[in-house]
Number of protein chains: 2
Amino acid sequence: MRYSKEHKLETHARIVKKASARLREKGAHGIGVADLMKDAGLTHGGFYSHFESREALVIEAFTHAMDRSIENWRKTAAEKPPAQRLELIVTKYLTPAHRDAPAHGCAVPSLGADIARESPKTRKAFAAKLDEMIEMVAENFPESGPKTARRQAMASLSTMVGSLLMARIAGSGEMSDEILRAGRQAALGEAAPRKAATKAATKAPVRKTRGASVRVE
Amino acid sequence: MRYSKEHKLETHARIVKKASARLREKGAHGIGVADLMKDAGLTHGGFYSHFESREALVIEAFTHAMDRSIENWRKTAAEKPPAQRLELIVTKYLTPAHRDAPAHGCAVPSLGADIARESPKTRKAFAAKLDEMIEMVAENFPESGPKTARRQAMASLSTMVGSLLMARIAGSGEMSDEILRAGRQAALGEAAPRKAATKAATKAPVRKTRGASVRVE
DNA sequence: CCCGCAAGATGATCGTCATCATATAAGGCG
DNA sequence: CGCCTTATATGATGACGATCATCTTGCGGG
């Protein structure tokens with residue numbers, strides 16, 4: 001073989017990674033194979049030596065996005081003692097930066113409806129990832145039993161996802177920020193108002209680091 | 001003119017209505033002009049005498065879906081005394097029936113991401129509708145001041161939308177029902193468990209009334 | 001150093017889709 | 001009753017996109 005052993009794997013990974021961003025940005029049907037390949041620095045020709053079909057790439061890209069979210073949350077959680085983890089996750093999620101950068105954020109608000117339209121078999125795989133997300137968040141409700149923690153995690157996640165989606169519809173004005181604030185408070189269980197976190201997050205700008213795929217959650 | 005004055009308007013309305021359902025079902029790019037027209041009992045030819053472009057129909061259809069939701073909630077709310085309205089809205093929203101019938105349900109979970117991808121100008125119009133939804137729900141938090149009610153309405157709506165989206169990803173098994181239950185509880189502000197409502201809603205089947213557009217929220 | 005192979009590029013094909021030009025026909029009006 | 005306007009149908013056009021066949025080229029092995 002004339003290319004280094006991992007060359008193809010690397011290329012494959014790069015295509016998936018770029019596609020994952022672009023699909024979150026444009027939707028599952030919002031961009032074609034040629035553009036996706038161009039985005040990875042290639043032409044459209046070699047596509048079918050990497051993927052069986054466009055559909056296959058879409059599924060891989062969705063999966064990649066969800067995996068990155070989970071991984072990212074784990075890292076975020078590790079930054080703080082257990083008692084503050086939930087707050088950290090929620091406040092990192094519900095920021096204008098995340099709202100304004102769907103390409104680099106959580107896949108559920110941007111692609112959830114498209115995932116829901118996949119075949120039952122495919123959806124089952126995503127349901128498993130969703131379950132992972134839920135369990136990940138549930139670990140950060142230390143004051144409750146496991147059953148309750150799971151319920152609370154589902155509720156908080158729902159609120160996070162729904163707030164982000166609605167904030168994106170609202171654009172980037174005052175109402176949009178208002179939705180984010182309301183979501184933060186609710187996801188944290190209507191705890192006492194957290195002025196500091198709220199203020200800081202609200203004014204966080206969109207980061208842009210030389211085309212690199214920056215997580216904004 | 002040789003057709004009755006309202007003939008064209010009726011046809012136009014029928015196209016929008018059907019398209020609104022189909023687009024919720026398949027996504028903004030999930031179905032073509034010809035199929036949308038066929039769905040309204042027409043062929044594709046006359047399309048451009050009704051709409052300037054496909055895009056224009058999509059916008060009209062989105063708008064129609066959101067208007068119907070608002071109208072539907074108003075009706076739902078009127079059924080009960082103020083104290084029970086929120087619960088009624090939430091429990092009607094977070095049912096397996098609604099989850100399984102995106103075509104006849106709320107547009108935000110099914111089309112929210114597509115709406116968020118529209119031009120800022122278009123999005124502004126949808127933001128106004130979203131605001132209407134929020135105010136509508138806020139009216140049903142009688143125990144709070146207007147500012148708080150608005151925040152709570154945003155939070156409840158977010159939870160409702162996010163739960164439905166996640167429940168759709170999860171499919172229709174136990175986990176999906178679990179998400180709906182968690183969402184109901186959270187959206188109602190962690191009030192005392194409401195066994196009756198919860199049970200009844202969970203087993204409600206998908207209604208199907210001879211192709212008519214049945215609201216399931 | 002050259003050979004052979006596979007990664008990726010080029011370019012063709014076929015189907016689908018939005019849009020538009022023209023044809024048909026329905027039915028109110030004279 | 002027949003005509004004329006206009007809603008809808010038929011059919012064309014052009015663009016685009018997924019897929020595939022074939023060519024090019026870089027490099028690891030000999």
Side-chain angles (χ1 to χ4, degrees), chain A residues 1-63 111 114 117-119 122, chain B residues 1-64 111 114-115 117-119 122:
Chain A
M1 61 194 58
R2 75 274 177 231
Y3 283 100
S4 96
K5 207 154 315 188
E6 312 104 34
H7 190 176
K8 188 170 183 176
L9 288 178
E10 274 168 25
T11 305
H12 184 102
R14 180 160 36 92
I15 298 171
V16 171
K17 191 169 166 177
K18 292 294 197 130
S20 152
R22 275 291 201 254
L23 289 169
R24 274 174 279 177
E25 192 182 334
K26 309 259 194 179
H29 299 262
I31 184 167
V33 168
D35 284 332
L36 288 170
M37 288 296 275
K38 179 145 53 183
D39 220 58
L42 299 171
T43 57
H44 67 280
F47 183 83
Y48 289 87
S49 70
H50 285 288
F51 305 94
E52 190 163 319
S53 65
R54 181 184 187 281
E55 178 76 1
L57 166 62
V58 170
I59 305 260
E60 265 196 66
F62 284 11
T63 305
L111 295 175
D114 287 320
R117 290 180 195 112
E118 294 288 338
S119 75
T122 306
Chain B
M1 58 194 65
R2 59 333 149 146
Y3 283 99
S4 95
K5 209 153 312 187
E6 311 105 32
H7 190 175
K8 187 169 186 177
L9 288 179
E10 274 168 25
T11 305
H12 183 101
R14 180 160 35 92
I15 298 171
V16 170
K17 191 169 167 176
K18 292 293 196 130
S20 153
R22 275 290 202 252
L23 288 169
R24 274 173 279 177
E25 192 182 334
K26 309 257 195 181
H29 297 231
I31 184 167
V33 168
D35 284 332
L36 288 170
M37 288 296 275
K38 179 145 54 181
D39 220 59
L42 300 170
T43 58
H44 66 278
F47 183 83
Y48 290 86
S49 69
H50 285 289
F51 305 95
E52 191 164 316
S53 66
R54 181 184 186 281
E55 179 75 1
L57 166 62
V58 169
I59 307 261
E60 265 196 64
F62 285 9
T63 304
H64 177 261
L111 294 174
D114 287 321
I115 293 173
R117 290 182 195 109
E118 295 288 338
S119 76
T122 306

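In this text, all values refer to a predicted model and were calculated from it rather than measured experimentally. Only heavy atoms go into these numbers, but all of them, side chains included; no hydrogens, no water, no symmetry mates. Here is how names work: the chains are called A, B, and so on, in the same order as the sequence lines, proteins then strands, and each is numbered from 1.
- Residues A:Leu23 and A:Arg54 approach most closely at CD2-NH2, 4.4 Å, considering heavy atoms.
- As a whole-Å value, the separation of B:Arg54 CZ from D:dG14 P is 22 Å.
- Here A:Leu42 contributes atom CG and A:Leu36 contributes atom CG; the two are 11.5 Å apart, rounded to the nearest 0.5 Å.
- Distance CD1 (A:Ile31) to P (D:dG17): 9 Å, rounded to an integer number of Å.
- Across all strands, A:Ser49 comes closer than 4.0 Å to no nucleic acid atom at all (heavy-atom distances).
- Using a 4.0 Å cut-off, some side-chain N or O of A:Thr11 falls inside it from OP1 or OP2 of C:dG8.
- A:His12 and A:Glu60 get closest at one heavy-atom pair: NE2-OE1, 2.9 Å.
- Looking only at side-chain heavy atoms (C-beta outward), A:Phe62 and A:Thr122 stay at 4.5 Å or farther from each other.
- The side chain of B:Thr43 approaches D:dT10 more closely than any other nucleotide in the set D:dT10, C:dA9, C:dA18.
- A:Gly45 comes within 4.0 angstrom of a nucleotide base, judged by non-hydrogen atoms across all strands.
- Taking atom CG of A:Leu42 as the reference point, atom P of C:dA9 lies 5 Å away to the nearest angstrom.
- Atoms CD (B:Glu10) and C1' (D:dA7) sit 13 Å apart, rounded to a whole Å.
- At a cut-off of 3.5 angstrom, the base of C:dG11 holds at least one donor-acceptor pair with the side chain of A:His44.
- Spacing between atom CZ of A:Phe47 and atom C1' of D:dT22 amounts to 19 Å, rounded to whole angstrom units.
- Residue B:Asp35 contributes atom CG, which lies 13 Å from atom C1' of C:dA18 at whole-angstrom precision.
- Rounded to whole Å, the distance from NZ on B:Lys38 to P on C:dT16 is 12 Å.
- Note: NE2 (A:His50) to P (D:dT19) measures 15 Å, nearest angstrom.
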